[in-house]
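The chains referred to below are lettered A, B, ... by the order of the sequence lines, with proteins before strands, and numbering in each begins at 1. In this text the structure is predicted, and so the values were computed from the model without any measurement.
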Protein chains: 4
Amino acid sequence: MTSDASTEHLNHWVLTLSCVDSPGIVHAISGAIVAARGNITESQQFASTETGRFFMRVQIESPSQRAEFETALEPVTARWQMTWDLDEVGRPLRTLVLASTAGHCVNDLLFRQRAGQLPIEIPLVLSNHGTLRDLVDFYGVPFEASAVTDPAAKAAFEARVLEAVDAHDIELVVLARYMQILSPELCAALAGRCINIHHSFLPGFKGANPYRQAHARGVKLIGATAHFVTSDLDEGPIIEQNVVRVDHSRSVSELVAIGQDEESRTLSQAVKWFAERRVLLDGARTIIFR
Amino acid sequence: MTSDASTEHLNHWVLTLSCVDSPGIVHAISGAIVAARGNITESQQFASTETGRFFMRVQIESPSQRAEFETALEPVTARWQMTWDLDEVGRPLRTLVLASTAGHCVNDLLFRQRAGQLPIEIPLVLSNHGTLRDLVDFYGVPFEASAVTDPAAKAAFEARVLEAVDAHDIELVVLARYMQILSPELCAALAGRCINIHHSFLPGFKGANPYRQAHARGVKLIGATAHFVTSDLDEGPIIEQNVVRVDHSRSVSELVAIGQDEESRTLSQAVKWFAERRVLLDGARTIIFR
Amino acid sequence: MTSDASTEHLNHWVLTLSCVDSPGIVHAISGAIVAARGNITESQQFASTETGRFFMRVQIESPSQRAEFETALEPVTARWQMTWDLDEVGRPLRTLVLASTAGHCVNDLLFRQRAGQLPIEIPLVLSNHGTLRDLVDFYGVPFEASAVTDPAAKAAFEARVLEAVDAHDIELVVLARYMQILSPELCAALAGRCINIHHSFLPGFKGANPYRQAHARGVKLIGATAHFVTSDLDEGPIIEQNVVRVDHSRSVSELVAIGQDEESRTLSQAVKWFAERRVLLDGARTIIFR
Amino acid sequence: MTSDASTEHLNHWVLTLSCVDSPGIVHAISGAIVAARGNITESQQFASTETGRFFMRVQIESPSQRAEFETALEPVTARWQMTWDLDEVGRPLRTLVLASTAGHCVNDLLFRQRAGQLPIEIPLVLSNHGTLRDLVDFYGVPFEASAVTDPAAKAAFEARVLEAVDAHDIELVVLARYMQILSPELCAALAGRCINIHHSFLPGFKGANPYRQAHARGVKLIGATAHFVTSDLDEGPIIEQNVVRVDHSRSVSELVAIGQDEESRTLSQAVKWFAERRVLLDGARTIIFR
């Protein structure tokens, strides 16, 4: 009796990798995929002139299990000393959300998650305020609030974050307008898996109340930037940016409302790409395989 | 013998004004326009919460000549101590263009001017390089080049600018990628009638070669800002801004080409609005009556 | 004893009007506003070359009550046979929402309404499906569902709509992806106060499953149009449009998700403008006083 | 004597191909590239669910000449019955431009070509009017005009087009606002290598003077579409689209000016992608490997 490929169950894998660029990588990787009975359905690659590294993302249909792929890939990843990851397409990323009082980003993430537009699952929302409890409850997600009013409370909150990351096998932490600066230690612990959102202006404004400054200067475009968190505040690798046009007649509060819309959609887009393994780090830059 | 309004020639006027805001201004202005047999065809106004000033732009059809309008307006402008200007709609603004070696902005201005899309006339292009002579010649516009290689040459160039402004009754000076910093004295002499264009990024970058910095940081949006020139370099009131999306695969030279497109269209748009008397200054902000 | 204007309570009014264009309208209106002790804080006007009509929207601060304004305006509105409306700025518009199974537009409206970004109140959501009951419940808004499966059920549903419009003094009906065609009678009954949203493509596609057609044709832009409902299906006066860029790699379901985002924000924007009395009808066109 | 790869001259090739999708293609192609001593510097691929075809574009650095590549590729292209093309990166595409009286698209193409932003060379501009002679002369490009006023003149003009295509080894024909409908025979002769530009609206408008219709309907977005010419007028596969926002205050002539800007940049973008071999045909769709 022969196996019938057409009725065999196909797994759908996503492989991401990076290594120092040199000839033959694509041939070797595609050879390993053929060996694991895989068919490439989507593939993107990029050779960085900044760092000399090669990046690749491949989606593969195959009847094989993980072990078979690992066996086929091992000689290739070893030879090129690759950083690599193999995962199932569409597996929801375990995501911890940190929030404060503003609900626009949290609502957007929860609504899209429930609508099936964001491949994440959210086991917990942590906040330094109780404001959003009802909203989060509505979506059936556990919510914990504890004030961050002094250094001891901040240390306790951050310890709770790390505990939750551990307890829930968290793969992504999203700062959905969480209005506290993370300690360098927490930034380091979450490096490469923590995304923040902030408003953006042309030109940029330092200090308090940037919307008031932008209004005073009469800027014509306001927007938002989603980026990885590093200890260098608001300066981590950029994942996504959007802007929208405004004019002189907009009040400060209207600019804030417009800016919040941009923040919501920019953060949700960045989370979606990350969860789909489309975001790779190349030093201070991101490669986005859209 | 009766006059027949329908066959009388109608002039088309644009009135712009500003003053401290208080009740009754619109009623007084519209009364003066009625007195001068004018019909309002377009009107915009704005009361600034930043400075407490009131701004207005009105387009008027009327058989009256300038003197008749001035008589009707005089009591109103005097009572409210208005800054005001009355001009014919569509009268080409006398415009001096300064350039260096990059041709994209100069070509865009000259092409649109000739195509009837920009209500300006350009009696002269001054440059610190000879590179663009053929391009400017093609459009039949006089072109003068003199190098700016030391302080004496810079002083001579700026003296030539002021001489040309005087000789040609120049109403607008456009820095079309003129790559020299104007002296504070020239900035002061041209205050409110000199427009510059520069590239813009989110976030901004200081220092040399910003496109290289933007590439290294992996920005996702690049753009351009047109603004009034003040002695505070690249910080004058913003007139127009545009951005366009880029991704990690763009080389530095591609970013430059994309940025140049944004510079051309942003500068031409700002010049058009200024020439149509749609740009009013409100302290550090512009009011744009589009 | 003299009155002290600075401590007197100021009402904030919005006046909208239209009439056949002729000289002197602005002067007459501004005179009536002065007579009612009003200060104009925002004013926009437009003379339509299509229909020869004049349109105006004015925001006014004044200690006067409605009766005082009506007395001052009466001679002016009578002389020019104006269609006009006077209302308090920010008064929430009583809004009935019709929905089916898709939740993106309903969620966006309810979230923005609660966040104070939409000056509407929603006494009721009517649907031909029960799908969205939990979502609407969460926002504390009454929800009624009744299936529309045959002509009798449709007639009953539409009768319930008109009854609700009457019972709740409804000023705006929003079709938030309500997937039934309204009868000509209901369209007529709601003329000028019913807004619909639909997807938009370049070029347009007729018939079923337009996203599939757009995918087959490889369109590069997809978007949404919010418009007034008329008996001419999807052809009423346009209020707002947005588009977003897509490429060949997007699946049909991704196009649908992208299109839904555009639908949500386009509909909410149109509702906001309408509720702020910024949308006036000029024959088949809208005037949007943004 | 050993060869020293680091000092050997590297050619830069671009390979495009399509075939029926099946496993192993990428591995086979990358193997042939390794055999021809090539290093992949850029690679994109796409499997079409519409047609079941696989598309690929690869840029390759290699010391090899064409013959060596052809030898290495032959077994692969034969086995999968590929449609394929190998060319030097950056080789200017021989491009014939057809024009009428409007200069905006022609000026944009010629300016960008001279500025090094468009990898094309233009040996000839053919027009049915003499209007643009001076403009084309300025760029040093031969220009021929002959009126198309009756069927015989049209046949003669089209014969001249085909003659020029032959004489100059033309690889791309650009209709830069050429206002004549091509005969089905000419469409067929130029299939897949003739690009047209036209204005685009949401919704679309049939018949004469679409800008007037768009104005009458009050559209909020106008734009442009660049597409391949087929005998089905304005319905060929779409290459690029852009839109820009407009409001009720724009006159018909302003809409025309805004639309022309969109036409220029959209057409130039489409020509650039085609010249860089980034545009592949998948039935009625284009694959754009940006």
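- When heavy atoms are compared at a cutoff of 4.5 Å, A:V26 approaches chain D by way of both its backbone and its side chain.
- Counting heavy-atom neighbours within 6.0 Å of A:R245 CZ, excluding the residue itself, gives a total above 12.
- The nearest pair of heavy atoms linking A:P23 to D:G38 is CB-O, 4.4 Å.
- By the 6.0 Å contact criterion, CZ on D:R79 is open, its count of non-hydrogen atoms from other residues, nucleotides or ligands being 12 or less.
- By the 4.5 Å heavy-atom criterion applied to side chains, D:Q44 and A:Q44 are not counted as neighbours.
- The greatest number of non-hydrogen atom pairs below 4.5 Å with chain A, out of D:R37, D:Q45, D:E42, is found for D:Q45.
- Atom CZ of D:R212 is surrounded by 12 or fewer heavy atoms from other residues, nucleotides or ligands within 6.0 Å.
- Put simply, CZ on A:F54 and CG on D:N39 are 9.0 Å apart, with the number rounded to the nearest 0.5 Å.
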